[in-house]
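Working notes, structure below.
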Amino acid sequence: MFLRELSASPSELRGVGPSMLETLSAAGLTTVSSLLTHYPRDWEDRSRSLPLRDWNKGPVCTTVSVLAHDWFGYGAMKTLKIHVEDESARAVLVCFNRPFLQRQLPVGASFRLWGRFFYKYGGLQSTAFEIGRPGEHEGILPVYPLTKDLTQTKLRRLIKQALETCGAVDDEIPPNLIQSESLFSKAEALRTLHFPPGMEALEKARRTLIYEELFYLELMIGRRLLERKGLKGGSTPAAPPAFSPLQQQLIERLPFSLTPGQEAAINEINADMAHYSLAAGSEINAHSLTSGSGTNAFVPMARLLQGDVGSGKTLVAFLSALRAADEGGQAAIMAPTELLARQHADNAAKLLEPLGIKPAYLTGNLKSGGRARLLAALAAGEIDIVLGTHALFSKDVVYRNLALVIIDEQHRFGVTQRQAILAKGLNSLQKQRTPDLLMMSATPIPRTLALTVFGDLDVSVIADMPPGRKPVKTHLAKESNAAKVYDFVRKELEAGRQAYFVYPLIGEDSDADNEGNGGGLRDAVSMAEKLSKEIFPAYRVALVHSKIDDEEKRKTMEAFRTGEIRVLAATSVVEVGVDVPNASCMVINHAERFGLSALHQLRGRVGRGQDQAYCFLIYSEPEQGETNGELSSSGPNSALTDDGKQRLKVMLESNDGFVIAEEDLKLRGPGQIAGIEQSGYLKLGIADPVRDADILVRARTGAFAMLEADPGLLLPEHRRVAEVLERAPPFKEVGL
Ligand code: ADP
Ligand code: MG
């Protein structure tokens, strides 16, 4: 039997009556298997004794004899005190809420005692102690996560009993890997994890169970990968698929040609969207990799398109949408902000309407009448491509035939959001199938995520930039030198170009971005005023931030794009996606307050045309400390923190999104990166892919090697693994 098949109720264990059963079930411990996988959150090493005399060196662990009982307090508050001694000293155990210890610990008897002691009223005392039969509190003991009414002692007894049935548990890791990775058998690993004979064995037990979990995770990811690859024709390389008719038309109308990276990405996407018939892959299909996949299983695209800011991902998105339209399907392009969604919609109108395509724009702000009409048109299939925010996937939106979902700036969305979106495709009126998925991002995914959450995605990378781009020149400036920056920008404006000024706050009293720290920081609203009246009176200056009405935002952005507005004062709403090639200056105020990826994205707003572009990072200088003249390095308004300094340094030294993402990971630590933990998607039991990255890589190698040799898991030595997946899979679903 596999561990997850031990479905007997804990009531079969000694000492579990109806009330205990209830307590256990409230904690989710309804089967023997769930007890055994209730892994300790920590262990206490009681293998070495510590006599009472040495109470201040750590928890005492010793054998004591009971000298006397006595009571203090009255009535319900009456509390038992037990006087004990070991060979080194005497002490008092204060038994709050444990009057029953009077009977369990009669005077004269010997017991094993473990507890934390303190010195009070001239003697040693403990209120946090455990006491048991000699032998019971020795060795390394598990410390379990507890819920109400459960105690460590009770859980330890139950789990110990449950482990006795464990001899029957089958290994899930194939024997050759157990050997080559020098792991424990499953039963041994479980026993050792709960009651380790020593620290080294404990480490090996942990490694075994982590490896097992990650092995199955990677096995399932590998099967999904193989499923798609296999069905697509496996090793037979397909001839580069031709552009579809609409794609061809758009490409011919463009004033430039595709970069090699864009072209390669489109070819890969076209191949995915062709959903090759099964003829070529039928051999692998015969192994029946997927449960229930018939000969005509449909294999949707799941592709991540990575390309640095400005590499031209939008065009790739439009071309993909055209392919869907060519086949009579609808495409939905989702952006994280209304500003960006609107820009995409405007671009789509310009580029696609001449081809006879009907794009539409849908956000949460759409007024009721317009919204109803739009929804009706979507359901009727009159709209080919719809662009918008996550409103594209609200409950009342029904597609006639949603064939392709594109998520721009995907790192801005949570994994669960992406899941919900994919499920939406199944609600299409016409076709019952998962839509193709194209996710786009300028932020490279960290390795651990690439191996887990994103583990079965195909990846296209646009490594080149459109020709003629010059790297943005980046300068640091102290706030006191801001006037010099203004002078520089003025020259650029005189030469006909445009500039962004970005601030960390919306308004003076704004607490939206920065609670309570508003004082002393420049904000977009008041600086827009100042830029327009004092600094650049000769030019039109406008303001955008998240609280400005959608329609007004649209007008402002349109006027900025046409060059009517020359200077844009903004918050980081312009961070994602905004594309105005004539803008040559990006001035980021209080730059030390922005994260690295935000800085990189903001800088990516300029340098999108042929002109040399500039990015100014204006930072506030540390002020003299108010009291003792010390430099404060962490004051809210003034100082450059070490991290802040480091971020600015990285920006100064690199223009490369991949380098910057790496540095970001180093500065923030992997736990902070949008991904697994936050998503709550991967419900792992004992493994933590970020912490256990090295085991993850080994498990992946093991799993993939097995699939390569035997994709259907048909060989006798793999039968066990196939059975695990069939009868008791550790995960319901993996990847995206
Ligand atoms: P991102 O990858 O950051 O989303 P965009 O799609 O916004 O980049 O493209 C940046 C700019 O590059 C846009 O102005 C776009 O029109 C232009 N562009 C895209 N592809 C090419 C190309 N092949 N040659 C020249 N310019 C291009
Ligand atoms: Mg973009």
Side-chain angles (χ1 to χ4, degrees), residues 243 247-248 250-267 269 303-322 333-352 387-389 406-413 438-444 459-472 497-498 500 557-558 560-563 572-584 586 597-611 613 615 655-658 660-661:
F243 294 126
Q247 286 179 331
Q248 193 63 47
L250 175 58
I251 290 168
E252 277 162 16
R253 293 176 56 97
L254 290 174
F256 45 72
S257 44
L258 298 179
T259 64
Q262 285 171 320
E263 194 162 332
I266 309 248
N267 280 335
I269 290 164
R303 186 169 286 278
L304 180 67
L305 176 62
Q306 288 195 348
D308 210 344
V309 260
S311 59
K313 296 184 291 293
T314 317
L315 188 57
V316 176
F318 286 171
L319 286 165
S320 315
L322 286 178
I333 303 181
M334 181 169 74
T337 64
E338 292 197 353
L339 206 64
L340 181 53
R342 163 67 76 175
Q343 177 184 285
H344 283 340
D346 290 346
N347 275 331
K350 246 177 272 163
L351 286 172
L352 306 183
L387 305 102
T389 56
I406 299 175
I407 305 181
D408 194 12
E409 309 285 351
Q410 67 84 23
H411 57 285
R412 290 278 182 135
F413 296 95
L438 179 65
M439 301 199 278
M440 309 201 293
S441 178
T443 310
V459 179
S460 298
V461 178
I462 305 181
D464 43 11
M465 286 284 172
R469 294 274 176 87
K470 302 182 184 75
V472 179
R497 290 186 274 275
Q498 293 163 274
Y500 297 92
M557 287 314 294
E558 188 50 34
F560 187 60
R561 204 199 307 222
T562 58
S572 57
V573 281
V574 294
E575 173 185 331
V576 281
V578 171
D579 181 44
V580 179
N582 189 50
S584 66
M586 166 60 69
S597 77
L599 289 172
H600 181 60
Q601 289 275 351
L602 284 170
R603 181 169 59 185
R605 296 309 117 217
V606 296
R608 301 185 148 238
Q610 304 289 324
D611 302 318
C615 175
N655 263 313
D656 181 333
F658 279 82
I660 290 172

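Counting convention: from 1, in listed order, for ligands and their atoms alike. The first residue in the sequence is number 1, and the count goes up from there. In this text, all values refer to a predicted model and were calculated from it rather than measured experimentally.
Taking a cut-off of under 4.0 Å to the non-hydrogen atoms of V309, the atoms of ligand 1 that pass are 3 (O). Counting atoms of ligand 1 from 1 in the listed order, those under 4.0 Å from a heavy atom of L258 are 23 (N). Residue-ligand proximity, P581 to ligand 1, at heavy-atom distances under 4.0 Å covers atoms 14 (O). When each atom of ligand 1 is checked for a heavy atom of T259 under 4.0 Å away, the hits are 23 (N).
Nearest heavy-atom pair across V606 and V472 is O-CG2, 3.7 Å. Residues V578 and Q343 share a closest heavy-atom pair of CA-OE1, 3.1 Å. Across D464 and G261, no two heavy atoms sit closer than the pair OD2-N, 3.0 Å. Of all the heavy atoms in N582 and D611, the pair that sits closest is OD1-OD2, 4.3 Å. Residue A335 comes nearest to H344 through the heavy atom pair CB-CD2, 4.2 Å, listed as atom of the first residue, atom of the second, then distance. I660 and H600 get closest at one heavy-atom pair: CD1-ND1, 3.4 Å.
For ligand 1, the polar-atom distance check finds an N/O of G312 within less than 3.5 Å of one of the ligand's N/O atoms. Below 3.5 Å of separation, one finds an N or O of G310 facing an N or O of ligand 1.
At a heavy-atom cutoff of 4.0 Å, ligand 1 is contacted by the side chain of Q262 but not by its backbone. The proximity of I462 to ligand 1, defined as any non-hydrogen pair under 4.0 Å, does not occur for either the backbone or the side chain. Residue contacts with ligand 1, taken as heavy atom pairs separated by less than 4.0 Å, involve S311 via backbone and side-chain atoms alike. The proximity of T314 to ligand 1, defined as any non-hydrogen pair under 4.0 Å, involves the side chain as well as the backbone.
Partner of L438 under the side-chain contact (heavy atoms from CB on, under 4.5 Å) criterion, out of I333, L304, L305: L305 alone.
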I'd like to know whether V316 forms a side-chain contact (heavy atoms from CB on, under 4.5 Å) with L258, so could you lay out the CA-CA distance, the side-chain angles of the two residues, the decisive distance to 0.1 Å, and finally the verdict. CA-CA 9 Å; V316 176; L258 298 179; over 6 Å; no
List the steps, then state whether salt bridge (charged side-chain N to carboxylate O under 4.0 Å, His left out) holds for R608 with D579. CA-CA 7 Å; R608 301 185 148 238; D579 181 44; 2.7 Å; yes
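Of the protein's non-hydrogen atoms, the one nearest atom 13 (C) of ligand 1 is D579 OD2, 2.9 Å. Regarding atom 21 (C) of ligand 1, its nearest protein heavy-atom neighbour is F256 CE1, 3.3 Å. Remark: minimum distance from atom 25 (C) of ligand 1 to any protein heavy atom is reached at P466 CB, 3.3 Å.
The closest approach between any non-hydrogen atom of G307 and ligand 1 is not below 4.0 Å. The closest approach between R469 and ligand 1 falls below 4.0 Å for a heavy atom of the residue. Not a single heavy atom of A442 lies less than 4.0 angstrom from ligand 1. Ligand 1 is approached by S257 to a heavy-atom distance shorter than 4.0 Å.
With distances taken over non-hydrogen atoms, the option nearest atom 7 (O) of ligand 1 out of E409, R608, K313 is R608.
Using a distance-only test at 3.5 Å, with no hydrogens or angles considered, no donor-acceptor pair links the side chain of Q262 to the main chain of L315. Side-chain atoms of Q248 never come within 3.5 Å of backbone atoms of F243 as a donor-acceptor pair (strictly under, hydrogens ignored).
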